[in-house]
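Lettering of chains follows the sequences in order, A, B, ..., and the numbering in each one begins at 1.
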Protein chains: 2
Amino acid sequence: MSGKRSISPATRERVERVIEELGYHPNSGAQALAGSRTNIIGLVVPFRPNIDMTVIAEFMAEIASRARARDYDILLVTADEGPAGLRRLVGRSLCDALILMEVGSEDDRIPVAKSLGVPVVLIGVPQDSEGLHCVDFDFQGAGETCVDELADLGHTEIALLAIDPESKKGQANFSVRFRRGVERAAQRRDVDIRALVMEPNHSDASRVIEQMLALDPPVTGLILQHSDAPDPVTAVLLEHGRTPGADIAVIGLCPDALAERLRVPMTTVQQQASEVCRRAMETLFRMLNHEIPTTGEVDLVPVSLVRRSSMNRAPAVNGYIHAIS
Amino acid sequence: MSGKRSISPATRERVERVIEELGYHPNSGAQALAGSRTNIIGLVVPFRPNIDMTVIAEFMAEIASRARARDYDILLVTADEGPAGLRRLVGRSLCDALILMEVGSEDDRIPVAKSLGVPVVLIGVPQDSEGLHCVDFDFQGAGETCVDELADLGHTEIALLAIDPESKKGQANFSVRFRRGVERAAQRRDVDIRALVMEPNHSDASRVIEQMLALDPPVTGLILQHSDAPDPVTAVLLEHGRTPGADIAVIGLCPDALAERLRVPMTTVQQQASEVCRRAMETLFRMLNHEIPTTGEVDLVPVSLVRRSSMNRAPAVNGYIHAIS
DNA sequence: CTGAAAGCGCTTACAG
DNA sequence: CTGAAAGCGCTTACAG
């Protein structure tokens with residue numbers, strides 16, 4: 001018996017010693033059958049191309065270790081099994097609960113996720129999240145923060161080096177949400193945004209930045225959406241004699257490690273994968289323990305701004321100094 | 001009954017129809033208990049920092065999909081559970097077989113892997129691989145191929161932009177094996193190699209390449225070991241007026257997609273993750289079907305050279321044209 | 001080709 | 001606090 005009923009210290013110790021000696025491990029299949037719980041969590045991972053596997057892996061690591069901390073294991077399922085995969089997992093009683101990663105706006109797994117009868121947490125925000133527990137970064141807030149930070153420094157002509165929205169068709173909607181945040185804040189702050197689609201490599205950065213430098217009125221602030229953009233963009237700006245933090249203000253979305261090792265360390269909005277995972281796993285375990293119902297709502301992790309050296313005030317224009325809010 | 005004994009077409013069809021109608025799924029715990037097989041493969045994944053998760057994810061995707069193709073599922077285990085994790089997996093009968101990724105030279109999981117009593121395949125080549133099935137890229141061959149290709153074009157002064165060997169201490173040994181290949185071939189071809197340790201970002205590439213350009217006798221060929229090096233290195237070379245394929249020959253190790261979208265598409269040795277996974281899974285399934293014993297040997301996937309535009313002949317030196325072998 | 005018994009190794013209730 | 005029965009949903013032999 002494992003922990004369910006009271007036991008005298010004497011026999012407990014005796015049993016524990018024998019377990020140790022014999023190297024006893026309970027048979028998981030028998031436990032699952034008799035106890036009707038598997039102690040396994042199904043993790044549905046997107047292995048499509050065009051997804052940043054570095055961040056997916058960060059999530060997997062965090063989720064797996066949090067699961068083990070509560071004596072759960074992780075069953076890895078690829079997203080391309082689709083809705084039928086989810087049915088199989090719970091139909092065959094392969095797991096007690098599910099986590100779906102990279103859930104898109106119109107995800108065909110949403111309806112079956114709702115009717116599965118086991119706890120489910122989504123990472124991402126679908127259009128119709130009604131009744132589902134969803135956890136994600138607040139990408140819209142991140143976009144707003146970037147614009148606000150630039151506007152606070154007096155910038156009114158801003159370029160957004162954007163992820164191609166076409167490349168993410170039908171996938172996760174974080175780039176759309178970020179951009180929506182940028183646009184809302186731009187309107188609110190009465191600031192100009194020029195969006196330039198860019199691939200995150202040196203030659204495309206070169207192309208796009210030359211385009212940007214030709215713009216009139218001149219751009220003084222830059223928002224980088226793609227997490228691989230900072231290295232090539234910083235390099236190209238320096239090649240053109242524009243030092244981030246002195247000649248042009250740069251802010252964006254990327255891992256801290258990258259931001260810090262740039263020639264000019266970049267101000268970023270932080271995406272804490274661990275915090276998203278912590279919340280997702282916490283609500284999953286609460287559902288498994290029947291502490292909360294299996295229906296839930298959207299839980300957005302607020303962004304936090306990390307100021308480094310890539311931001312500067314907007315230069316005076318025509319002798320007029322921008323009012324700083 | 002699923003497939004084990006003969007059955008009349010009539011009843012078969014009747015049963016299949018009912019299965020369909022009722023949405024029947026066999027209970028995996030009961031199957032495991034009664035059949036003493038789980039149809040689950042344990043996959044032990046390294047989530048340490050300093051590992052390229054892009055390639056790890058490529059392996060996971062390939063392994064998971066090949067497993068599903070034979071009706072196996074994947075249990076995800078993090079490498080930091082160590083040897084005890086392996087014992088737990090088979091002790092609790094959570095899986096029928098194991099795959100260990102990123103196995104290092106002196107891996108403390110090796111001895112227990114040998115005594116586990118279930119089929120195991122390692123991805124990587126430990127020092128003591130005796131009796132274990134190991135599959136990996138032939139990194140040594142890759143290193144040799146790079147040097148041979150340069151030497152064939154007449155280059156005798158070659159720089160290796162290398163991964164810091166310290167950063168991989170106690171981890172997988174592929175960078176050591178690549179470098180060993182480079183050194184062996186250099187000796188064999190009587191060619192000079194200067195190794196320069198580099199981090200794969202634009203500013204470190206800049207530092208290292210300036211260092212390289214100052215070398216005497218001048219370097220005419222470049223080997224890139226780090227798969228993230230090609231973009232920044234190509235950029236820095238062009239900044240210094242050296243066009244790969246015209247002024248300097250460049251070859252290296254990186255994904256095809258990256259090599260092809262560079263300003264000068266780069267000649268590379270190809271690392272086919274899918275081929276490594278295919279072989280690993282093939283031998284695993286053969287073991288599971290008792291077609292081969294659970295003891296095995298090292299299986300290295302040969303590299304294949306993909307020529308693109310980054311290579312040129314060595315320039316004539318002092319009026320003397322190098323003899324081409 | 002088909003039926004029906006035994007048993008896989010546990011957990012859960014039910015007695016003591 | 002402890003013992004012993006029943007049963008979880010299958011697979012595997014063993015009969016017919």
Side-chain angles (χ1 to χ4, degrees), chain A residues 1-42 67-68 70-73 75 86-97 116-119 285 287-290, chain B residues 1-42 67-68 70-73 75 86-97 116-119 285 287-290:
Chain A
M1 291 277 142
S2 9
K4 276 254 161 106
R5 68 193 209 181
S6 45
I7 197 171
S8 71
T11 51
R12 160 186 290 274
E13 204 215 324
R14 192 160 49 88
V15 169
E16 278 172 353
R17 195 157 37 75
V18 174
I19 286 180
E20 197 61 35
E21 271 171 27
L22 272 54
Y24 169 80
H25 291 276
N27 179 296
S28 63
Q31 281 186 314
L33 184 56
S36 56
R37 58 206 291 288
T38 60
N39 264 38
I40 289 177
I41 293 168
R68 289 300 304 132
R70 307 233 190 178
D71 205 33
Y72 277 83
D73 272 292
L75 197 77
L86 308 187
R87 287 214 191 78
R88 185 178 67 88
L89 286 187
V90 341
R92 302 203 52 191
S93 298
L94 276 161
C95 60
D96 302 330
L116 239 30
V118 301
F285 288 127
M287 287 192 273
L288 284 167
N289 297 334
H290 305 289
Chain B
M1 292 274 145
S2 10
K4 277 251 160 109
R5 67 192 210 182
S6 46
I7 196 169
S8 71
T11 50
R12 161 185 291 276
E13 203 216 323
R14 192 160 47 87
V15 169
E16 278 172 352
R17 194 157 38 75
V18 174
I19 285 179
E20 198 59 37
E21 269 171 28
L22 272 55
Y24 169 79
H25 291 278
N27 178 295
S28 63
Q31 279 186 316
L33 185 57
S36 55
R37 57 206 291 288
T38 60
N39 264 37
I40 289 177
I41 293 170
R68 288 300 304 133
R70 306 234 189 178
D71 204 34
Y72 277 82
D73 271 292
L75 197 76
L86 308 188
R87 287 213 191 78
R88 183 178 70 87
L89 285 188
V90 341
R92 302 203 52 191
S93 298
L94 274 161
C95 61
D96 300 332
L116 239 29
V118 301
F285 288 127
M287 288 193 272
L288 283 167
N289 297 335
H290 306 287

Give, for atom CG of B:Leu33 and atom OG of A:Ser28, the distance between the pair rounded to the nearest 0.5 Å. 9.5 Å

Any protein N or O atoms within reach of nucleotides 5-9 of chain C? Criterion: under 3.5 Å, listing atom names and distances.
from  : atom 1 : to      : atom 2 : distance (Å)
C:dC8 : O2     : B:Ala34 : N      : 3.3

Would you find a donor on one side and an acceptor on the other, under 3.5 Å apart, between the side chain of B:Ser93 and the backbone of A:Asn27? no

Requiring both pairing distances under 3.5 angstrom, list the stems that contain DNA chain C and are made of three or more consecutive Watson-Crick or G-U pairs. C:1-3 with D:14-16, C:5-12 with D:5-12, C:14-16 with D:1-3

With a 3.5 Å distance limit and no angle check, can you tell me whether B:Asn39 reaches the backbone of B:Asp71 through a side-chain donor-acceptor pair? yes

Given the rule in the side chain to side chain contact (heavy atoms under 4.5 Å, CB included) test, do B:Ile40 and A:Leu75 qualify, once you have shown the distances and angles that lead to the verdict? CA-CA 9 Å; B:Ile40 289 177; A:Leu75 197 77; 4.1 Å; yes

Check ion pair B:Asp73-A:Arg88 (N to O, under 4.0 angstrom): yes

Over all atoms of both residues, closest heavy-atom pair of B:Ala32 and A:Gly29: CB-CA, 4.4 Å

What is the minimum heavy-atom distance between B:Pro119 and B:Met287, and which atoms define it? CB-CB, 3.7 Å

